[in-house]
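Only one structure is covered here, and it is reproduced in the block below.
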Amino acid sequence: MPSEIITLQLGQCGNQIGMEFWKQLCAEHGISPEGKLEPFAREGSDRKDVFFYQADDQHYIPRAVLLDLEPRVIDGIMKSPYKHLYNPENVYISKDGGGAGNNWAQGYHQGDKLTEEIFDIIDREADNGDSLEGFVLCHSIAGGTGSGMGSNILEKLNDRFPKKLIQTYSVFPMTNEVADVVVQPYNSVLTLKRLTENADCTVVLDNTALNRIATERLKKATPTLAELNQLVSTIMSGSTSTLRYPGYMNNDLISLISSLIPTPRLHFLISAYTPLTSDNTESEVRKTTVLDVMRRLLQPKNAMVTTASRDKNLTHCYVSILNIIQGEVDPSEVHKSLMRIRERKLAEFIPWGPASIQVALSKKSPYITTQHRVSGLMLANHTGISSLFDRMCDHYDKLIKREAFIENFRRLPMFKDNLDEFNDSREVVQQLMDEYRAATRKDYINFGNKQAGAQGE
Amino acid sequence: MALHEALIALQTGCSGLLTLKQDDPHFKKRFPTIPYIHQGELEILDRLTQIGRHYRTLDEYVQNILKNKTSGLYILSFAFELRSILQSYLHCLSQLEHECLQNTSLTLSHLTVALTDYTLLFPALVSLINTLQSTGYRGCQILDIIRRSTLDGNTILSSTIKKLLCACHRILIKQITSILTQGQIYDEYGEFFIGLNNNINVEAMGMTTPSISRMTSTVASRSHSPDRGGQSVLQTPQPNSLITPGYSQYQLIPEMLPSYIPLQLADKILFIGESWLLLKNNDDDDNDRKFLLLNPIDYDEQNHLVQQQLYALTLSDDLNMFELERIIEHARIDLSLTLRNLFVDRFHLIDELEQIRGFYLIERGELYTLFVNRTNQLLLNTKKSTNAIENDINEVFKQCLNDLHLETILTNADKFKFKLNFPHSDTTAQEISGARRLLSRTQGLTDNSNTPFDFWSCGWANLSIQYRVKYPMKAFFSENCKQRYNDIFHLLIILRYVQNELNSLWLAFKNKNKNSLIWHLRNSMSFFIDNFQYYIQIDVLEYKYQQLIRSILSSTDFQQIKHLHELFLADIQTHSFMLLSTAYQSIKNILSICVSFCLTIKQQENTINNLDENILRQFGKEFNDEIRLLFGILGMVQKHNALPHLGVFLTRLDFNRFLTNNNGSFGEF
């Protein structure tokens with residue numbers, strides 16, 4: 001059972017999207033909420049073993065670790081029909097149960113204390129497969145547990161498993177209105193440092209964009225949390241579909257990631273999915289063609305991240321694009337679509353190297369009926385993502401200038417003596433934004449060298 | 001007196017008036033004058049004697065043939081027909097004799113007039129048998145010669161020779177009937193233009209592979225066949241009169257094929273014969289015994305009809321080629337449909353193709369990803385083939401299948417075995433040189449004591465799959481096909497290996513982001529490999545494969561299906577540039593540069609910061625040079641619009657027009 005992937009779900013948000021993700025996977029592979037293979041799914045050519053393993057009685061158990069510092073969400077999962085799906089040993093709720101209080105430092109600190117117990121679970125799970133390919137971590141970077149404990153775990157994962165891939169699905173908070181957590185800019189910037197330095201690939205899910213898409217696409221005035229989480233799980237399951245329904249290519253995580261990420265820091269990906277439908281809206285069935293799907297995927301309004309196409313005198317561009325097209329597709333359609341997109345200049349690419357829209361064709365789950373012939377997922381590396389970081393830093397800068405709400409952080413060991421960690425994180429994020437901006441220019445190829453030279457001196 | 005002499009001379013070729021030297025062919029030496037016979041009469045007598053002489057020659061020839069049974073059916077039949085002509089001549093003579101006895105006043109001129117036809121006919125026949133004897137032609141070969149003689153303005157001459165030809169055609173039609181209705185060759189003397197293929201290297205049946213090359217070779221050999229063809233056929237007499245091979249195959253013997261039978265027609269007959277072999281063999285297998293019930297054609301009735309129609313052909317003097325072609329085409333269509341149904345419905349041809357796609361064409365990517373991961377080092381370090389290593393590889397592969405739970409999907413794993421075919425030294429020396437150059441340099445610079453490594457002599461570059469085709473499928477998958485599949489596999493597996501190496505480099509360096517030159521170079525290489533792989537596997541292979549399956553399902557003609565399959569393979573090879581040697585060489589160079597790059601960097605992994613930047617730049621330069629070369633070549637090809645799919649590849653490589661804007665280079669390294 002090679003190239004297994006272990007999913008780590010952290011905090012309230014992480015567990016909620018994780019829950020949706022497993023629901024989706026179970027449905028796609030014909031696995032019942034109890035982990036039993038449905039009778040109609042006995043003869044599949046899909047690969048279940050990347051994300052599941054089989055217990056002695058043959059029922060499927062997700063390779064998932066559920067972690068939280070407060071019991072509410074996990075308790076909810078344990079009351080759902082899926083309560084028997086997970087390995088109970090992999091569900092860990094901090095004993096004091098008090099949560100992290102939306103405080104990154106609290107989450108980080110608790111994570112530190114619980115390291116041994118958490119890594120007992122992770123190590124056991126890692127030894128369970130015979131060649132672990134990597135970890136997928138889902139969390140939000142705004143709260144306390146997902147961001148703080150997530151940061152802590154990222155650092156240690158990278159340390160313990162230097163050759164394993166670490167991919168995160170990170171929910172970024174709303175930036176365009178009053179935040180429900182006042183210190184979220186702090187939490188975000190502190191987490192972003194870890195995402196930059198310790199993760200290999202981060203799929204950015206911007207809550208602002210998710211809300212916008214849910215409102216526009218699904219025609220909902222106020223989308224519920226469940227609907228937003230479903231969007232995320234659609235992205236997660238879509239981006240892993242080539243691993244689960246193998247075809248000629250892109251059968252391991254590394255091949256997906258390595259084609260998208262040219263240099264290690266530029267690993268923040270935006271995503272898009274089309275066509276979107278929700279459970280309770282019977283969407284008007286329209287004709288889906290490959291061109292149609294690929295064109296929609298490139299439209300900024302469909303991207304799960306709100307990015308600016310221009311800022312500060314530079315035009316943002318795609319570093320790389322991977323489209324995963326699901327459904328019955330004639331390969332020649334793909335080519336025609338590519339030609340059309342190229343003619344119409346629908347995508348602007350980097351000027352410093354070759355780049356194109358990579359396409360991966362993937363089968364659809366035979367157990368889920370959709371009204372659409374073709375659906376598509378885009379994972380893209382776009383320099384415009386720096387504008388998201390930029391907005392976050394704006395909020396952060398305003399807060400840190402006044403040292404607002406900083407007392408909660410000072411109470412914890414990391415910030416007892418000074419606020420260096422804040423400055424350090426802000427610096428890392430700045431460098432990241434600089435690198436993304438540099439990637440829009442022709443001389444990016446020398447960017448790394450200059451950095452290296454500067455550090456050498 | 002003279003009349004009597006003349007009659008004797010007409011039968012024996014000599015008369016009491018003539019003295020002949022035994023060894024002198026010119027029998028004009030007679031007494032210059034005979035007192036009581038007029039000079040003119042003597043002349044007439046001479047002419048008559050010559051007819052007699054010709055008769056003798058012909059008669060001796062016929063007697064010889066009839067006595068000596070080894071000359072073959074065609075010549076025998078020819079001789080029989082000739083004998084009946086001679087008999088009619090004798091009959092004519094006896095009538096004349098009768099007349100002479102009744103009417104003694106008849107003159108020699110009367111005889112001459114009565115025998116005018118023969119004065120024309122016999123010399124032609126004599127020259128015909130002389131040609132036959134001198135060329136040593138036999139069987140179907142004589143048909144051409146006889147036919148040439150029928151093309152004469154004299155109707156008597158041409159109609160008589162047509163009769164001879166017709167006699168020979170009767171044999172031909174019988175042989176054709178035998179093969180058409182039973183798939184047997186009735187050919188004791190090796191005279192038919194279809195014979196057993198004794199070659200162990202069995203070609204697939206029917207329309208043979210590169211039909212064009214086969215045709216040209218046929219034509220070529222036909223043109224200089226006279227001695228060689230005749231001899232080689234003579235040397236292989238067939239031991240049995242009725243040949244029903246177990247499962248061997250028929251082949252066309254081009255030098256035996258009469259020029260007026262089109263090659264396509266001969267091929268059709270060949271195909272029908274082989275189809276019968278297949279069906280009969282199949283009949284012996286109990287489990288498939290009932291296949292005949294499956295299809296709507298009543299073969300006995302069908303055969304009866306064919307027999308009748310063919311027999312009707314022999315009744316007319318001229319062989320009606322159009323009719324023959326019609327009959328054969330009709331039979332072919334019926335059989336071809338049966339075979340198509342047999343192969344598609346009963347032998348599950350599509351499933352077999354699926355299996356082949358799984359093994360040769362790497363359809364299950366995850367299987368080969370795992371396989372490459374597990375045998376990575378083993379095959380890299382393998383320099384020569386041993387049973388132990390091959391066993392290891394096959395074991396690993398089996399394990400991979402097992403681990404991925406693919407046994408239920410790729411069920412025919414036992415038919416596919418990995419083989420390592422290392423070429424004997426020197427054959428690949430030239431293509432290797434590039435890689436060797438690179439590596440020896442890097443090794444020299446980093447004083448590594450390893451012997452220079454060259455990629456094209458390691459296991460990865462010499463891995464192939466042996467596909468044991470079971471009995472009925474043999475008719476579909478020829479050796480040639482298997483070779484082509486292996487050629488394609490060769491490229492695909494190397495691509496996958498290189499991709500795997502580049503990816504593992506990504507993993508190894510993900511936490512060491514210092515030297516960005518490595519990253520950019522890796523990225524460019526990866527970009528090329530990924531796109532090339534996508535192009536081959538999806539744009540070409542998958543596209544063509546889907547086309548093939550669709551047309552197999554919609555076709556009703558087995559021969560056509562086979563042909564489509566051949567086309568499918570040829571198409572893939574063309575589109576993956578295997579037949580475009582300069583481009584292919586360039587691609588191979590790119591692949592080996594990528595491998596060298598990965599191996600060099602990996603060796604230095606721990607001291608990577610000290611790695612001489614010049615080495616990297618050198619790699620970059622060589623890589624760029626090859627890319628530029630390839631891009632240039634492909635650009636030229638594209639201009640001529642020679643490969644319809646090439647545009648797809650170029651669009652991918654040059655999507656953001658980086659190559660175009662940078663003169664075909666992937667960046668400055």
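Computation of the quantities below employed the complete heavy-atom set of this structure, encompassing side-chain atoms and omitting hydrogens, waters and symmetry-equivalent molecules. Residue numbers start from 1 in every chain, and the chains themselves are labelled A, B, ... in the order their sequence lines are given, proteins ahead of strands.
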Exercise. Give the C-alpha distance, both sets of side-chain angles, the deciding distance and a yes or no for side-chain contact (heavy atoms from CB on, under 4.5 Å) between F527(B) and S259(A).
Key: CA-CA 7 Å; F527(B) 181 81; S259(A) 68; over 6 Å; no
Quiz item: Is chain A contacted by the side chain of F655(B), its backbone, both, or neither, given a heavy-atom distance below 4.5 Å?
Solution: both
Self-check item: Between I357(A), I341(A), D330(A), V359(A), the one whose heavy-atom pairs under 4.5 Å with chain B are most numerous
Solution: V359(A)
Quiz item: Is the backbone N or O of T263(A) less than 3.5 Å from a side-chain atom of N523(B), with the two atoms forming a donor-acceptor pair by type?
Solution: no
Exercise. Please look at V329(A) and chain B and tell me whether the side chain, the backbone, both or neither of the residue comes under 4.5 angstrom of a heavy atom of that chain.
Key: backbone
Quiz prompt | K48(A), part contacting chain B, at a heavy-atom distance under 4.5 Å | solution = neither
Exercise. Go through the side-chain N and O atoms of Y248(A) and E542(B) and say whether any donor and acceptor fall under 3.5 Å apart.
Key: yes
Quiz prompt | Side chain proximity check, Y534(B) to V334(A), heavy atoms < 4.5 angstrom | solution = yes
Practice problem: May I ask you to check whether over 12 heavy atoms, not counting those of K156(A), lie within 6.0 Å of atom NZ? | Solution: yes
Quiz prompt | Donor-acceptor contact below 3.5 Å, side chain R657(B) vs main chain P354(A) | solution = no
Quiz item: Considering only heavy atoms, which portion of D654(B) lies under 4.5 Å from any heavy atom of chain A: side chain, backbone, both, or neither?
Solution: both
Quiz item: Would you say the side-chain atoms of K510(B) pair up with the backbone N or O of A199(A), donor to acceptor, closer than 3.5 Å?
Solution: no
Quiz prompt | Contacting moiety of I261(A), where chain B heavy atoms sit under 4.5 Å | solution = both
Quiz prompt | Side chain proximity check, Q358(A) to R652(B), heavy atoms < 4.5 angstrom | solution = no
Quiz prompt | Best-contacting candidate, G353(A), S332(A), A360(A), against chain B by heavy atom pairs under 4.5 angstrom | solution = G353(A)
Self-check item: Heavy-atom side-chain contact between K163(A) and S504(B) under 4.5 Å
Solution: no
Practice problem: Starting from the C-alpha separation in whole Å, work towards a yes-or-no answer on side-chain contact (heavy atoms from CB on, under 4.5 Å) for N531(B) and S356(A). | Solution: CA-CA 9 Å; N531(B) 280 297; S356(A) 76; 3.7 Å; yes
Exercise. With side-chain contact (heavy atoms from CB on, under 4.5 Å) as the test, would you mind laying out the steps for M249(A) and I538(B) before giving the verdict?
Key: CA-CA 9 Å; M249(A) 284 172 305; I538(B) 308 286; 3.5 Å; yes
Quiz prompt | For N656(B) against I350(A), the heavy-atom pair lying closest together | solution = ND2-O, 3.2 Å
Quiz item: Using non-hydrogen atoms only, which part of E363(B) is less than 4.5 Å away from chain A: side chain, backbone, both, or neither?
Solution: both
Quiz prompt | Gap between atom NZ of K336(A) and atom OG1 of T651(B) - 0.5 Å precision | solution = 13.0 Å
Quiz prompt | Distance, nearest 0.5 Å, that separates CG of N373(B) from OG of S3(A) | solution = 8.0 Å
Quiz prompt | Centroid-centroid under 6.0 Å between Y444(A) and H520(B) rings | solution = yes
Quiz item: Does some side-chain heavy atom of S258(A) sit less than 4.5 Å from a side-chain heavy atom of R522(B)?
Solution: yes
Practice problem: Would you check, one step at a time, whether the test side-chain contact (heavy atoms from CB on, under 4.5 Å) holds for S45(A) with R364(B)? | Solution: CA-CA 10 Å; S45(A) 64; R364(B) 300 296 297 203; 3.6 Å; yes
Quiz item: Any residues in residues 489-498 of chain B near chain A, with a heavy-atom distance under 4.5 Å, and which are they?
Solution: R496(B)
Quiz item: Do the side chains of I254(A) and L507(B) get nearer than 4.5 Å, heavy atoms only?
Solution: yes
Quiz item: Is there a donor in the side chain of N503(B) and an acceptor in the side chain of S255(A), or the other way round, less than 3.5 Å apart?
Solution: no
Quiz prompt | Straight-line distance of L404(B) CG to D49(A) CG, nearest 0.5 Å | solution = 6.5 Å
Quiz item: Donor-acceptor pair, W506(B) side chain versus P264(A) backbone, under 3.5 Å?
Solution: no
Exercise. Determine the option with the most heavy-atom pairs under 4.5 angstrom with chain B, choosing from I257(A), N158(A), N198(A), D252(A).
Key: N158(A)
Quiz prompt | Euclidean distance, F349(A) CZ relative to F658(B) CZ, rounded to 0.5 Å | solution = 13.5 Å
Practice problem: With a 4.5 angstrom heavy-atom cut-off, could you sort out which part of Q499(B) is near chain A: side chain, backbone, both or neither? | Solution: neither
Quiz item: Could you give the distance from OH (Y535(B)) to NE2 (H335(A)), rounded to the nearest 0.5 Å?
Solution: 10.0 Å
